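Because the structure is a prediction, the values reported are computed rather than measured. Here is how names work: the chains are called A, B, and so on, in the same order as the sequence lines, proteins then strands, and each is numbered from 1.
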Amino acid sequence: MSVRTRFAPSPTGHVHIGNMRAAIYNWLFARHHGGAFLLRVEDTDRERSTPEAIDTLLRAMEWLGLEADEAPLYQSTRMEAHLAAAERLMELGLAYRAEKGGAGSGECVLFRMPGRTISFEDAIKGTLTKAAENMEDFVIVRSNGTPVFHLANVLDDIEQGVTHVIRGDDHIENTYRHIALYEALGAELPVFGHLPMIVNGQGKPYSKRDGDAFVGDFRANGFLGDALFNYLVLLGWSPGDDREIMSRDEMVEAFVLEKCQSSAAQVDLKKLSWMNYEYILQLSDASFRSATREALSVAEIAATEEQLDAVIPLIRERVKTLTEIAPLCRFLLRDDYAYNEKAVAKKLLKEGVQETLAALRELLLEVSSFDAPTLNRLLHDYVERSGKGFGAVMPPLRICISGEQGGPDLCPVLEVLGRDEVIRRLDRAVEMFFD
RNA sequence: GACCCCUUCGUCUAGUGGCCUAGGACUCCAGGUUUUCAUCCUGGCAACACGGGUUCGAGUCCCGUAGGGGUCGCCA
């Protein structure tokens with residue numbers, strides 16, 4: 001039988017990276033075996049499962065490139081089948097009506113656990129066992145007549161022909177119950193594989209306060225879907241060799257459950273940033289250009305296509321995340337940039353700087369051609385003649401025209417700004433800091 | 001508390017009894033290239049949780065201990 005895996009999230013409006021990693025592993029596993037990856041939306045919790053929440057889920061999957069092979073199954077449409085199965089189980093004596101104390105009132109339907117030890121071979125963790133005396137009968141239909149997760153989940157997996165259930169290890173306890181349900185329903189057991197949790201930078205479980213654990217937040221923070229995908233794949237799995245940056249094809253080819261880790265993994269934003277940088281470098285010129293256009297638009301910085309032509313080469317290999325684009329471009333496209341106080345204090349308000357700037361002003365005004373190579377020669381000559389050193393010349397000039405101590409290569413920046421603008425900014429800064 | 005799961009550098013990991021004086025990557029630190037900014041190059045710091053076994057030999061197998069996590073809903 002060909003492999004069929006599924007991602008069965010409950011749409012809540014946020015998609016946690018732990019869930020998304022499970023989706024990625026299911027996708028990879030199905031692709032590796034030439035099987036199908038399915039999506040089932042477990043939307044039976046009416047309160048939380050809004051159209052917006054489902055949209056958020058779908059968008060997150062699209063962003064990461066996780067296309068499903070069949071139309072999604074919405075669990076809410078399957079209630080009749082779930083209840084019919086409960087009836088069947090009651091007829092077989094495998095489930096029964098009863099009053100159970102607690103939240104509900106009235107009779108609900110409980111599934112009768114078989115009363116024997118249940119053991120299964122987990123594809124990731126090995127043999128897992130739970131003794132009969134530690135398992136109790138559980139509710140499968142509420143007293144209000146709606147089916148409970150366990151019943152719905154198992155029935156839908158059977159319905160969709162799921163052969164491998166790969167999910168978080170917080171489901172291990174559920175799996176013992178689910179196995180009993182499969183058997184009672186006379187269905188063949190799928191292979192189960194339980195993934196360890198993903199924890200935050202402090203090694204603790206992600207909580208509501210760890211806002212950056214949602215897929216949408218990573219996107220908003222300037223990470224690329226492919227980069228997050230690659231990072232998440234490596235968080236709990238490895239190809240068995242030293243490869244890290246991998247193409248989808250390579251991942252699909254190498255992905256096996258046996259190489260999954262069985263202990264929790266901690267998210268390291270620094271490493272994610274590094275990986276994101278590597279992916280940004282691999283972006284096509286057209287993709288980077290449209291990313292730049294969007295970043296500038298969000299930051300409300302206007303730019304013509306000609307300006308983009310000039311600015312992009314300066315920043316192309318300097319951004320680790322897309323969110324760094326706008327701040328880096330700002331001074332190139334507008335003159336209302338702020339002067340970094342620390343930079344000013346450290347590099348500008350120093351002995352001799354005013355004279356240096358005055359000298360540079362003259363040279364820049366007179367230089368025959370205002371292009372980067374010429375400007376580079378000009379600055380070199382000045383440094384040599386004045387004996388001041390680049391450290392005393394370049395940084396002050398840079399701060400005057402950009403407000404910052406760091407940034408793109410200086411001479412090309414001067415060229416892009418043009419002579420008039422550079423002189424104007426120079427005069428403005430000198431007036432501001434030295435008069 | 002009961003039951004279940006987990007444990008190699010700070011982090012992600014390689015390692016399936018000898019190839020391990022434990023390898024790679026990220027981070028960090030030190031040099032070098034670039035006399036701006038950044039990149040890049042080289043080097044360095046740094047781990048088998050602990051205690052018992054089994055074995056000629058254990059990071060790798062077994063048992064304990066400790067620590068961490070999960071589950072104990074008429075949520076999913």
Any side-chain N or O of [X] under 4.0 Å from OP1/OP2 of [N]?
X: A:Lys125; N: B:rC6; answer: no
X: A:Thr44; N: B:rA76; answer: yes
X: A:Lys270; N: B:rC26; answer: no

[N]: pairing nucleotide in any strand, Watson-Crick or G-U under 3.5 angstrom:
N: B:rA30; result: B:rU42
N: B:rC37; result: none
N: B:rG67; result: B:rC6
N: B:rC19; result: none
N: B:rG1; result: B:rC72

### Query
Looking only at atom C1', what distance separates B:rC63 and B:rA25, rounded to whole Å?
35 Å
### Query
For every nucleotide of nucleotides 9-24 of chain B, 5' to 3': is a protein heavy atom under 4.0 Å from its base (B), only from its sugar-phosphate (S), or from neither (-)?
-BSBSSS-------BB
### Query
What does nucleotides 37-49 of chain B look like as a protein-contact string, B for base, S for sugar-phosphate only, - for none, at under 4.0 angstrom between heavy atoms?
BS-----------
Taking the minimum atom-to-atom distance to the side chain of [X], which one of [options] wins?
X: A:His380; options: B:rA25, B:rU35, B:rA76; value: B:rU35
X: A:Glu173; options: B:rC4, B:rA76, B:rC26; value: B:rC4
X: A:Ser262; options: B:rA76, B:rC74, B:rC6; value: B:rC6

### Query
What closest approach, in Å, do A:Glu250 and A:Ser247 show between heavy atoms, and which atom pair accounts for it?
OE1-N, 2.9 Å
### Query
Would you say A:Phe390 stacks on B:rU35, if stacking means ring centres under 5.5 Å apart and planes within less than 30 degrees?
yes
I'd like a table of donor-acceptor pairs (distance under 3.5 Å, sequence neighbours excluded) in which one partner is a side-chain atom from residues 253-263 of chain A, with atom names and distances.
none

Roughly how many Å is it from [atom1] in [X] to [atom2] in [N], rounded to a whole number?
X: A:Glu136; N: B:rG73; atom1: CD; atom2: C1'; answer: 12 Å
X: A:Phe192; N: B:rG70; atom1: CZ; atom2: P; answer: 22 Å
X: A:Lys130; N: B:rA2; atom1: NZ; atom2: P; answer: 13 Å
X: A:Ile172; N: B:rC72; atom1: CD1; atom2: C1'; answer: 14 Å

### Task
May I ask you to check whether A:Phe111 and A:His150 place their ring centers less than 6.0 Å from one another?
no
Distances for protein N/O vs nucleotides 61-65 of chain B N/O pairs under 3.5 angstrom?
none

### Task
Could you note down all residue pairs passing salt bridge (Lys or Arg N to Asp or Glu O under 4.0 Å) where residues 370-384 of chain A supplies at least one of them, sequence neighbours left out?
none
N/O donor to acceptor pairs below 3.5 angstrom from side-chain atoms of residues 85-92 of chain A, sequence neighbours left out:
none

